[in-house]
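Down below is the structure, laid out as structure tokens.
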Amino acid sequence: MSVIDPRDKHRFGEDATSLIYSHASATAKKLGVELVVESDYLRINGFEARRRDGVIEVDGITAEIDDEQWEAFITLALNHFVNTQQPPRGEALRQILFAIGATPRE
């Protein structure tokens, strides 16, 4: 799970990652869609993201990422799903990749 630096908790509040996971599960159940969250894999219905050897592969995009970036990606993708009831695609996906500091490969 992604975590907030303990020194920043006073500024941002407690880590809500576990709440995002539970809300995403509830949203998937409500919509009747499949949600799979594993250590190196995320699937929301037909949307799939995986990490292999430090590289994320999602919707035809690849980028080098580290463990913290992967955890941040999962958290932001699930948050997007909870808020929009759709997986991140197009511009939303590009914004998430930008937010985690991932530069897509050419």
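Just so we're clear, the structure is a prediction, and the values are computed from it rather than from any experiment.
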Throw together a table of side-chain donor-acceptor distances under 3.5 angstrom for residues 23-31, partners on residues two or more places apart or in other chains.
unit_1	atom_1	unit_2	atom_2	d
Ser25	OG	Tyr21	O	3.1
Thr27	OG1	His23	O	2.9

Checklist entry - Do NZ/NE/NH1/NH2 and the carboxylate oxygens of Asp40 and Arg51 come within less than 4.0 Å? => result yes
Checklist entry - Under the 3.5 angstrom rule, does the side chain of Gln69 hit a backbone N or O of Asp66 as a donor-acceptor pair? => result yes
Considering only distance and modelled atom types, tabulate donor-acceptor pairs under 3.5 Å from the side chains of residues 32-39, sequence neighbours left out.
unit_1	atom_1	unit_2	atom_2	d
Glu34	OE1	Arg43	NE	3.1
Glu34	OE2	Arg43	NH2	2.9

Item to check | Matching residue for Leu78 among Leu76, Thr75, Ile74 - test: side chain to side chain contact (heavy atoms under 4.5 Å, CB included) | outcome: Ile74
Checklist outcome for this item: Output for pair (Ile65 CD1, Phe73 CZ), nearest 0.5 Å, gives 7.5 Å
Next on the checklist: Just so I know, are the side chains of Val58 and Phe47 near enough to count as touching, which here means a heavy-atom distance under 4.5 Å?
Outcome noted: yes
In residues 86-95, what donor-acceptor pairs under 3.5 Å come from side-chain atoms, sequence neighbours left out?
unit_1	atom_1	unit_2	atom_2	d
Arg89	NH1	Asp59	OD1	2.8
Arg89	NH1	Asp59	OD2	3.0
Glu91	OE1	Arg94	NE	3.3
Glu91	OE1	Arg94	NH2	3.4
Glu91	OE2	Gln95	NE2	3.4

Checklist outcome for this item: Heavy-atom nearest pair, Tyr41 first then Trp70, reads N-CZ2, 3.4 Å
Checklist outcome for this item: Here the pair of heavy atoms bringing Leu42 nearest to Ala77 is CD2-CB, 3.8 Å
Checklist entry - Are any side-chain N or O atoms of Glu57 and backbone N or O atoms of Thr62, one a donor and one an acceptor, separated by less than 3.5 Å? => result no
Next on the checklist: Between Ile61 and Leu97, is there a side-chain heavy-atom distance shorter than 4.5 Å?
Outcome noted: yes
Next on the checklist: How long is the straight-line distance from CD1 of Ile44 back to CD of Gln85, given to the nearest 0.5 Å?
Outcome noted: 12.0 Å
Checklist entry - Heavy-atom count around Glu64 CD within 6.0 Å, excluding the residue itself: above 12? => result no
